[in-house]
Student: 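One structure, as structure tokens, below. Some questions next.
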Amino acid sequence: MSGSVAVLYDETALLALGAGNSLASQFVANTEHGPTRHVYVPALCLLSADSLRKGLADHVGALPAAEIVELDFSGLSAVGALMRDGVEWHLGHAVHLSRPTIDWPDGRPVVTVRPELYADMPLVRTIRLPE
């Protein structure tokens, strides 16, 4: 998607958004100002965050700018391989979606409160979200 800017929200970013973090909210608000800006939400990250903060999935699902990404077969295979390597399931979905693809040759950075979770993940870029 040439000329487009995209980010992925992991579980920690979603929890920060639900707690009213201004920068997390700003990413979403800025996305509404242009068709070339995207906030993607891995479904497994949303599931994990909603299990920790009741109602978060409903809130995020109602945001027009948040694009929830389902786990398809290729994602399932990738997340399964990451889990066999010791990566938590919800992180695996963010890792899979962050890596370069034909549509996103530079990948998509993961917005996270805990970038250290991705330190050993090849081809994963992060944007640290302050708490």
Student: Is there a side-chain contact between Asn30 and Arg37, using heavy atoms and a 4.5 Å cut-off?
Tutor: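 Sidechains of Arg37 and Asn30: in contact.
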Student: For Ala78 and His96, which heavy atoms make the closest approach, and how far apart are they?
Tutor: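 Taking every non-hydrogen atom into account, CB-ND1, 3.3 Å.
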Student: Applying the side-chain contact (heavy atoms from CB on, under 4.5 Å) test to Leu8, which of Cys45, Pro109, Ser98 qualifies?
Tutor: Ser98
Student: Can you run down the side chain to side chain donor-acceptor pair (under 3.5 Å) pairs that involve residues 46-64, sequence neighbours left out, and say none if there aren't any?
Tutor: Glu11-Ser48
Student: Starting at CG of Leu17, measure out to CG of Leu63 and round the result to the nearest 0.5 Å.
Tutor: 6.5 Å
Student: Decide if atom CZ of Arg114 counts as having more than 12 heavy atoms of other residues, nucleotides or ligands within a radius under 6.0 Å.
Tutor: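 Check fails, neighbour count at 12 or below.
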Student: Where do Val41 and Ala66 come nearest, in terms of heavy atoms and distance?
Tutor: CG2-CB, 4.1 Å
Student: Give the other cluster members for Leu76, using side-chain heavy-atom distances under 4.5 Å between Ile, Leu, Val, Met, Phe, Trp and Tyr residues; answer none if it is isolated.
Tutor: Leu44, Leu47, Leu71, Phe73, Val79, Met83, Trp89
Student: More than 12 heavy atoms of other residues, nucleotides or ligands under 6.0 Å from CD of Glu116: is that the case?
Tutor: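 Count over threshold, so yes.
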Student: To the nearest 0.5 Å, tell me how far His93 NE2 sits from Glu88 CD.
Tutor: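 So the gap between those two atoms works out to 15.5 Å.
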Student: Give the minimum heavy-atom separation between Ala16 and Ala24, together with the two atoms involved.
Tutor: C-CB, 4.5 Å
Student: Name the one of Val39, Val5, Leu97, Asp103 that satisfies side-chain contact (heavy atoms from CB on, under 4.5 Å) with Arg108?
Tutor: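 Going through the options one by one, the only one that passes is Leu97.
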Student: For Tyr9 and Leu15, indicate whether the former's side chain and the latter's backbone hold a donor-acceptor pair under 3.5 Å.
Tutor: no
Student: State, to 0.1 Å, how close Leu14 and Ala49 come at their nearest heavy-atom pair, and which atoms those are.
Tutor: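 Smallest heavy-atom distance, with atoms named: CB-CB, 3.9 Å.
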Student: With a cut-off of 3.5 Å and sequence neighbours excluded, list every side-chain donor-acceptor pair involving residues 117-129.
Tutor:
{"from": "Tyr118", "atom 1": "OH", "to": "Asp10", "atom 2": "OD2", "distance (Å)": "2.8"}
{"from": "Arg125", "atom 1": "NE", "to": "Asp106", "atom 2": "O", "distance (Å)": "3.4"}
{"from": "Arg125", "atom 1": "NH2", "to": "Asp106", "atom 2": "O", "distance (Å)": "2.9"}
{"from": "Arg125", "atom 1": "NH2", "to": "Gly107", "atom 2": "O", "distance (Å)": "3.3"}

Student: Under the 3.5 angstrom rule, does the side chain of Asn21 hit a backbone N or O of Pro130 as a donor-acceptor pair?
Tutor: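 A pair under 3.5 Å: yes.
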